[in-house]
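Small disclaimer: the values here were computed from a predicted structure and weren't measured. Position 1 is the first residue of the sequence, and the numbers go up from there.
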Amino acid sequence: MTQPPRPPRTEPYAGSGVDPLARSGRWAGRRALPSAETWVDGVSAEPPTPVRPTDTFSMAGFVLSIAGAVVLSVPLALFGLRRTRRTGLRGRNLALAGLVISACWLVIFGVIAGFVVLADREAGLGQAVPVEELRVAQCFNADLAQGALLVARIADCAQPHTGEAYARAKAKLTGLSPDDKADTATRACASSFETFVGRRYEDSELDMYYVVLEDRAVADGNVLCMVGTPGEQLTGSMRGSRR
């Protein structure tokens, strides 16, 4: 039979001749525990640093930006960004993220709106409409030489066409003679011609046409002004063409 090794001897307890822990068999061979003072050595007595609260405006701007509520998210995020800088509250990154997400939504909304406008424009191409329904900067095909222009066919400005509506002028025509009415309508359209084409009507190679929609002057204009060239077709919009 092999005899188990003896437990290592412990040093006697300082101050007396016998280590009190050595008297008990269960403590035999174990090292004495360090004094209580050494256990707490290095433990900081300072309280933990409090966690700064998150700015509510920055949080609201971030949440609303995810929902796509750009009208509310942008001002809230901007206000939250200013508050975090001034007060030291947390939430600066949330406010910045809210602004970035809102900008992405604006781009998406712009693309969707562009597709809607393009689809609406293409849907009306070739459609015959009453001349008073022509919109400014809309190109059309019609016989500009006829005395009374009643119907026009909407055209693609990039393709050859006969004319383009460039303004709805406001003119007081009630009670005027036919000659005075024509002179007043012509002057009203001529004042918008240079703004659209980029050249005075007197110096332009283009001709000007108008249709009186009603005699009384209304807020959105009662004279439809159009530009074209007799016997020729235009290609592209005449806006800023300086022709």
For a quick test of your reading: what N or O donor-acceptor pairs under 3.5 Å do the side chains of residues 171-179 make, sequence neighbours left out?
unit_1	atom_1	unit_2	atom_2	d
Ser177	OG	Asp180	N	3.3
Ser177	OG	Asp180	OD2	3.2

When the side chains of residues 231-241 are checked against the rest of the protein, which donor-acceptor pairs come out under 3.5 Å, sequence neighbours left out?
unit_1	atom_1	unit_2	atom_2	d
Ser237	OG	Glu164	OE2	2.8
Ser237	OG	Arg239	N	3.1
Ser241	OG	Met238	O	3.0

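Remark: of the listed residues His161, Met226, Gln159, His161 is the sole one forming a side chain to side chain contact (heavy atoms under 4.5 Å, CB included) with Cys139.
Using a 4.5 Å heavy-atom cutoff, the side chains of Leu64 and Leu76 are in contact. For the pair Thr162/Phe140, a side-chain contact is recorded, criterion being any heavy-atom separation below 4.5 Å from C-beta on. At a threshold of 4.5 Å between non-hydrogen side-chain atoms, the residues Arg82 and Leu78 do not count as touching. Counting heavy atoms from C-beta on, the side chains of Ser58 and Leu81 never come closer than 4.5 Å.
Between the side chain of Asn141 and the backbone N or O of Ala155, no donor-acceptor pair lies under 3.5 Å. No donor-acceptor pair closer than 3.5 Å links the side chain of Ser204 to the backbone N or O of Arg200. Formation of a donor-acceptor pair under 3.5 Å by the Ser192 side chain with backbone atoms of Cys189 is not found in this model. Looking at Trp105, its side chain does come within 3.5 Å of a backbone N or O of Ser65 through a donor-acceptor pair.
With hydrophobic clusters built from ILVMFWY side chains whose heavy atoms lie under 4.5 angstrom apart, Val63 shares a cluster with Leu99. Tyr209 and Leu206 fall into different hydrophobic clusters, where Ile, Leu, Val, Met, Phe, Trp and Tyr are joined by side-chain heavy atoms under 4.5 Å apart, directly or via other members. Under the 4.5 Å side-chain contact rule for hydrophobic residues, Ile66 and Val70 share a cluster. By the criterion of side-chain heavy atoms lying less than 4.5 angstrom apart, applied directly or through intervening Ile, Leu, Val, Met, Phe, Trp or Tyr residues, Phe109 is grouped together with Val74 in one hydrophobic cluster. By the criterion of side-chain heavy atoms lying less than 4.5 angstrom apart, applied directly or through intervening Ile, Leu, Val, Met, Phe, Trp or Tyr residues, Leu106 is grouped together with Ile101 in one hydrophobic cluster.
A side chain to side chain donor-acceptor pair (under 3.5 Å) check over residues 106-115, counting only residues at least two apart or in different chains, returns nothing.
Looking at every heavy atom in both residues, Val218 comes nearest to Lys170 through O-CD, 3.0 Å. When all heavy atoms are compared, the tightest approach of Thr229 to Arg243 is OG1-NH2, 4.5 Å.
In this structure, Asn222 CG and Tyr210 OH are separated by 12.0 Å, a value rounded to the nearest 0.5 Å. Between atom CD of residue Glu205 and atom CZ of residue Arg242 there is a gap of 12.5 Å, rounded to the nearest 0.5 Å. Here CD of Glu194 is found 8.5 Å from CG of Asp203. Values are rounded to the nearest 0.5 Å. The CZ atom of Phe62 sits 12.0 Å away from the OG1 atom of Thr54 when rounded to the nearest 0.5 Å.
Legend: residues meeting side chain to side chain contact (heavy atoms under 4.5 Å, CB included) with Leu213, ordered by chain and number and at least two apart, are Glu132, Arg168, Val211, Leu224. Residues that satisfy the salt bridge (Lys or Arg N to Asp or Glu O under 4.0 Å) test with Arg83, not counting sequence neighbours, are Asp55. Considering only residues two or more places apart in sequence or on other chains, Phe193 meets the ring pair (Phe, Tyr, Trp, His ring centres under 6.0 Å) condition with Tyr166, Tyr201.
A side-chain N or O of Ser102 and one of Ser73 form a donor-acceptor pair less than 3.5 Å apart.
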What verdict does the side chain to side chain contact (heavy atoms under 4.5 Å, CB included) test give for Met208 and Thr186, after you've listed the backbone C-alpha separation in whole Å, the side-chain angles of each residue and the deciding distance to 0.1 Å? CA-CA 8 Å; Met208 183 177 65; Thr186 299; 3.7 Å; yes
